[in-house]
A.B. asks: 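Can you keep this structure in mind? I'll have questions shortly.
First listed ligand is number 1; within each ligand, the first listed atom is number 1. Everything quoted here is computed from the prediction, not taken from an experiment.
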Amino acid sequence: MTTEPATTQDQTYDGLFQKALDGLHADGSYRYFAELERRSGHFPKAWHHGANREVTVWCSNDYLGMGQHPDVLGAMHKALDETGAGAGGTRNISGTNHYHVELERELAALHGKESALLFNSGYLSNWVTLGTIAARLPGCVVLSDALNHASMIEGIRHSRADKRIFKHNDLEDLERHLKALPAGTPKIIAFESVYSMEGDIAPIEAICDLADHYGAMTYLDEVHAVGMYGAQGGGVAQEKGLEHRLTVIEGTLGKGFGVVGGYIAASRALCDFVRSFGSGFIFSTALPPLVAAGVLASVKHLRGSSAEREGQRRAVAQLRSKLDEAGIPHITNPSHIVPVMVGDAKLCRQLSDELLNRHGHYLQPINYPTVPRGTERLRLTPGPLHSEKDIEGLVDALSTLWDEHGLPRQPAHPT
Ligand SMILES: *Cc1c(COP(=O)(O)O)cnc(C)c1O
């Protein structure tokens, strides 16, 4: 087979694409992907093809290592052999398998809700649910936290509903917006529990109080909390006994639960509404049954076992205390996310490269536009499978680099 030479027109369009890419290079926000080979049974170790060495991964969202848990792998092997590779269709046209139904029941039970609805990703669950509800409830207004994830922002935008952005976790600002809206207007307050870049946690109860007072629905993204918080891994709302006060709890099956997919848990009527009107749900092939089987095993395991959550808390506490001893500046927060602040895009990338190539620690630099300029950082997510030795090795490497680059140390946080 021969390749046709590119036409002039193709070249013209490619020039336009390249110009946009050049802009990303110029402001340091071009994204380079690390080519990893995850090694099941050895997480958090992986093979890094760029560095050509084994590395310890510190920035995985497989927070609890469930992506290699024997229960999960066993369930997936079994379901693969039983059901084959794919779902065979959209949920409506031959794609609903027994595992999907069982998983939806399990997720509803996990959150104490009447019903749950599966999506192919957490991104889609936010995009479709917010997009559908806000578009189809006449006059609906969405109140959205300023730091909400792109999937919520895009879903709200797609709905074309009126939107008010309130200052991050700011109850006064939220109330100011609520007060300004007519009492009879349908409203949704959309927010997250654990915010992934700062690791701070929303005042869920106070937001629910405002929602009750002003007659709003609440939509909580618990993507960075499910599996990890609450007695059964139901998230921060579960931990605080607030699940019944939220209209919708949304989660991913790809982070703490270690596989892939997303969902909402809510009333029967709300889930049925999204199932019936959500285009991005209706017209897309269902998750492979083997994926649903693996997630089902993961959710069941984490509902019954606290060992992974305890292991994660141990690793987070160890890492924080060793960073404090070494005076490496990091943000204090109540979650499992440990942001080590660098404050400069080039330096952040350089530290990340040196950690990788010289010390075998993989941490993706977090730069603009993911975080504001001047707050560039290395975001650490230690988990139950990081040993004390891994943690010591990482902090020693950071400490060496801090010396070499003459970076400021910080006195230990008061405890
Ligand atoms: C990752 C993420 C999502 C999307 O979930 P996926 O399952 O990865 O598509 C949604 N919300 C937040 C806050 C996230 O960080």
Side-chain angles (χ1 to χ4, degrees), residues 31 33 38 59-64 66-67 72 100 103-104 107 110-111 116-132 142 144-158 165 168-169 188-202 204 207 218-229 233 235-237 246 248-266 274 278 280-281 284-288 291-292 294-296 298-299 302 333 335-339 364 366 369-371 377 379-381 383:
R31 291 169 201 263
F33 292 167
R38 276 160 69 88
C59 52
S60 176
N61 282 339
D62 182 1
Y63 291 121
L64 301 173
M66 292 307 288
V72 176
H100 297 119
L103 177 56
E104 285 176 336
L107 291 167
L110 169 67
H111 294 293
L117 191 66
L118 274 176
F119 296 83
N120 291 353
S121 71
Y123 188 103
L124 270 174
S125 60
N126 277 334
W127 191 82
V128 174
T129 305
L130 285 169
T132 304
V142 187
S144 177
D145 186 283
L147 290 194
N148 273 347
H149 189 258
S151 53
M152 285 196 269
I153 295 169
E154 291 297 331
I156 296 162
R157 198 201 309 265
H158 178 74
I165 296 166
H168 175 54
N169 280 350
I188 309 172
I189 304 172
F191 63 117
E192 301 181 22
S193 57
V194 176
Y195 284 84
S196 73
M197 290 302 148
E198 308 297 319
D200 57 341
I201 293 180
I204 301 173
I207 290 178
T218 46
Y219 184 101
L220 180 62
D221 175 319
E222 289 251 43
V223 160
H224 294 279
V226 289
M228 294 172 277
Y229 297 80
V236 179
L246 291 147
V248 179
I249 294 176
E250 181 273 343
T252 182
L253 304 170
K255 292 174 184 171
F257 291 126
V259 192
V260 72
Y263 66 95
I264 56 167
V274 178
F281 170 84
S284 188
T285 300
L287 286 171
V291 166
V295 173
L296 183 62
S298 183
V299 174
L302 289 174
N333 63 45
S335 76
H336 60 283
I337 292 163
V338 183
Q364 189 66 22
I366 309 283
T370 307
V371 294
R377 66 198 66 182
R379 173 183 176 270
L380 303 173
T381 55

A.B. asks: Can you confirm if the aromatic rings of F281 and F119 lie within a centre distance of less than 6.0 Å?
C.D. replies: yes
A.B. asks: Give the protein residues with at least one non-hydrogen atom closer than 4.0 Å to an atom of ligand 1, ordered by chain and number.
C.D. replies: S121, G122, Y123, N126, H149, S151, E192, D221, V223, H224, T252, K255, G261
A.B. asks: Please determine, by modelled atom types, if S335 and N333 share a side-chain donor-acceptor pair under 3.5 angstrom.
C.D. replies: yes
A.B. asks: Could you go through the ring pair (Phe, Tyr, Trp, His ring centres under 6.0 Å) check for H149 and Y195 one step at a time?
C.D. replies: CA-CA 9 Å; H149 189 258; Y195 284 84; over 10 Å; no
A.B. asks: Working to the nearest 0.5 Å, report the span between CG of L118 and CD of E104.
C.D. replies: 4.5 Å
A.B. asks: Between H168 and N148, do the side chains contain a donor N or O and an acceptor N or O under 3.5 Å apart?
C.D. replies: no
A.B. asks: To the nearest 0.5 Å, what is the distance between NE2 (H100) and CG (L117)?
C.D. replies: 11.5 Å
